[in-house]
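Just so it is clear, the model here is predicted, and its values are computed rather than measured.
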Amino acid sequence: MKKFIIAIGLMVSVSANAQIEEGSFYITPRAGVGIADLTGKLFDPTQSGTDYDATLRPITTFVGGIEGEYGINDKFGLSVGLLFAMQGSKTKDNLFKIKENYVNVPIMLEYYPFENIGLAFKAGAQVGFSFRRRVQIDGVEYSADYVWARNYWGRPVYVESELSKQFNKVDLAIPLGVSYEFNNIVFDVRYNLGLINVMKDDPENSKNRLWQFTLGYKFNVTD
């Protein structure tokens, strides 16, 4: 127990410069792992006459990007990010899988409760833009993006596929998180609570859920 207390004391003393400063601006590139899922089920087995397990389950994905933060004062910061995230879900047997690539733009208020300790709690709002969508059924992958076709005059045009029309291209979410900074290295844990159904005509609930675990390096660009 004494060793644990000493270790905590050393971390606090070493990270004495981790506190946010009023009027400073910080840039943090970050990358890590995401655990993505969709709420609800693929379909209701009781209504389809089958005992197939249609529950959607998490997939492990990549997340990464960059965030900028402005120090409002020595307790609060305001951050804006540009983060890439792979999101989606799958059934237990991988018979069905949805994979979407998003560019997420979180705007978050960050609260540093303790002086000279790089612990921060954060919450805010996020808009996400889906730019690549794939649906996999029984090992066969189908694109849900725009495709090349020919118009009435035989010229190639870029049109939206019928499968793509079933997807919402914009997502809204509430990001909640906590981070700890040590020697400018920032470990961030975040949960994105999606508010919009991924599928437009889905009568059930198909909202995004995403856990993010990232490491970043924080630069004070006002020094």
Side-chain angles (χ1 to χ4, degrees), residues 25-39 56-70 77-90 94 96-110 118 120-136 141-147 158 160-161 163-181 184-200 206-221:
F25 187 75
Y26 306 87
I27 295 292
T28 306
R30 61 175 73 250
V33 175
I35 301 176
D37 198 3
L38 294 174
T39 58
L56 294 174
R57 302 174 188 274
I59 58 174
T60 303
T61 66
F62 169 80
V63 294
I66 190 168
E67 286 187 301
E69 182 182 4
Y70 175 76
L78 182 65
S79 68
V80 179
L82 189 66
L83 303 176
F84 168 82
M86 298 174 63
Q87 297 177 218
S89 193
K90 66 178 182 179
N94 284 319
F96 178 86
K97 181 183 290 186
I98 292 178
K99 296 183 292 183
E100 292 190 83
N101 291 353
Y102 281 89
V103 171
N104 292 324
V105 183
I107 301 175
M108 306 185 73
L109 184 66
E110 309 205 8
F121 299 95
K122 53 191 71 179
Q126 175 178 281
V127 59
F129 303 94
S130 172
F131 66 91
R132 187 176 187 269
R133 296 163 293 277
R134 295 291 184 271
V135 176
Q136 182 176 306
E141 189 171 84
Y142 301 90
S143 172
D145 296 328
Y146 284 73
V147 296
Y158 205 43
E160 187 174 13
S161 68
L163 186 56
S164 173
K165 294 178 182 178
Q166 305 303 313
F167 284 81
N168 281 311
K169 311 305 187 296
V170 177
D171 186 42
L172 295 177
I174 298 175
L176 304 169
V178 60
S179 66
Y180 184 78
E181 179 187 347
N184 297 104
I185 297 175
V186 182
F187 176 64
D188 185 283
V189 179
R190 195 173 301 184
Y191 182 68
N192 291 339
L193 184 68
L195 303 177
I196 296 178
N197 278 354
V198 171
M199 308 298 291
K200 289 182 179 179
S206 63
K207 297 178 176 64
N208 277 311
R209 298 289 186 263
L210 177 66
W211 281 99
Q212 294 180 183
F213 305 88
T214 62
L215 277 177
Y217 192 87
K218 191 172 184 178
F219 298 92
N220 187 341
V221 296

Query raised in the report: Checking side chain to side chain donor-acceptor pair (under 3.5 Å) for the pair Asn197/Lys207: CA distance, chi angles, key distance, verdict?
Result: CA-CA 5 Å; Asn197 278 354; Lys207 297 178 176 64; 3.2 Å; yes

Query raised in the report: With side chains defined as the heavy atoms from C-beta onward, is the minimum distance between Phe129 and Asn104 less than 4.5 Å?
Result: no

Report task. For Glu67, enumerate each residue passing the salt bridge (Lys or Arg N to Asp or Glu O under 4.0 Å) test, keeping only those at least two apart in sequence or located in another chain. Result -> Arg30, Arg190

Query raised in the report: Can you name the side chain to side chain contact (heavy atoms under 4.5 Å, CB included) partners of Ile27, sequence neighbours left out?
Result: Phe25, Pro29, Ile66, Val221

Query raised in the report: What residues, two or more places apart in sequence or in another chain, satisfy side chain to side chain contact (heavy atoms under 4.5 Å, CB included) together with Ala36?
Result: Ile59, Thr61, Gln87, Leu210

Requested in this report: Taking the side chain as every heavy atom from C-beta outward, state whether Thr60 and Val33 have any atom pair closer than 4.5 Å.
Outcome: yes

Query raised in the report: Any side-chain heavy atom of Val198 within less than 4.5 Å of one from Asn168?
Result: no

Report task. State which residues pass side chain to side chain contact (heavy atoms under 4.5 Å, CB included) with Val178; sequence neighbours excluded, sorted by chain then number. Result -> Leu119, Phe121, Val189

Query - Donor-acceptor pair between Asp188 and Tyr180 side chains, under 3.5 angstrom - result: no

Query - Which residues share a salt bridge (Lys or Arg N to Asp or Glu O under 4.0 Å) with Glu100, sequence neighbours left out - result: none

Requested in this report: Could you check if a side-chain atom of Tyr191 sits within less than 4.5 angstrom of a side-chain atom of Ile174, using non-hydrogen atoms only?
Outcome: no

**Report entry** Partners meeting side-chain hydrogen bond (donor to acceptor under 3.5 Å, both in side chains) with Gln212 (sequence neighbours left out)
**Finding:** Asn192

**Report entry** Short side-chain to backbone donor-acceptor contact, Lys169 and Phe167, under 3.5 Å
**Finding:** yes

Query raised in the report: For the atom pair OH (Tyr26) and NZ (Lys218), what is the distance rounded to the nearest 0.5 Å?
Result: 6.0 Å

Query raised in the report: Is there side-chain contact between Val127 and Asp171, with heavy atoms separated by less than 4.5 Å?
Result: no

Requested in this report: Not counting sequence neighbours, which residues clear side-chain hydrogen bond (donor to acceptor under 3.5 Å, both in side chains) with Arg134? List them please.
Outcome: Ser143, Asp145

Query - Results of salt bridge (Lys or Arg N to Asp or Glu O under 4.0 Å) for Lys99 - residues two or more places apart only - result: Glu141

Report summary line: Output for pair (Ser164 OG, Gln166 CD), nearest 0.5 Å, gives 9.0 Å

Report task. Only counting residues at least two apart or in another chain, list the ones meeting ring-ring contact (aromatic ring centres under 6.0 Å, His included) with Phe213. Result -> none

Query raised in the report: Would you say the side-chain atoms of Asn208 pair up with the backbone N or O of Gly194, donor to acceptor, closer than 3.5 Å?
Result: no

Query - Contact check, side chains of Pro175 and Met108, non-hydrogen atoms, under 4.5 Å - result: yes

Query raised in the report: Taking the side chain as C-beta and beyond, is there a heavy-atom pair between Arg209 and Leu193 under 4.5 Å?
Result: yes

Query raised in the report: Between Ile98 and Ser89, is any pair of side-chain heavy atoms under 4.5 Å apart?
Result: no

Query raised in the report: Taking only residues two or more places apart in sequence or in another chain, which ones pass ring-ring contact (aromatic ring centres under 6.0 Å, His included) with Tyr217?
Result: Phe219

Requested in this report: Quick one: list whatever passes side chain to side chain contact (heavy atoms under 4.5 Å, CB included) with Val103, sequence neighbours left out.
Outcome: Leu82, Phe131

Query - Heavy-atom pair of closest approach, residues Lys200 and Lys165 - result: CD-O, 3.2 Å

Query raised in the report: Which distance, rounded to the nearest 0.5 Å, do you find between the CG of Asp37 and the OG of Ser206?
Result: 11.5 Å

Query raised in the report: Do Lys122 and Ser79 have side-chain N/O donor and acceptor atoms under 3.5 Å apart?
Result: no

Query raised in the report: Taking only residues two or more places apart in sequence, or in another chain, which ones meet Phe187 in a ring-ring contact (aromatic ring centres under 6.0 Å, His included)?
Result: none

Query raised in the report: Measuring from Tyr102:OH to Arg132:CZ, what's the distance to the nearest 0.5 Å?
Result: 14.0 Å

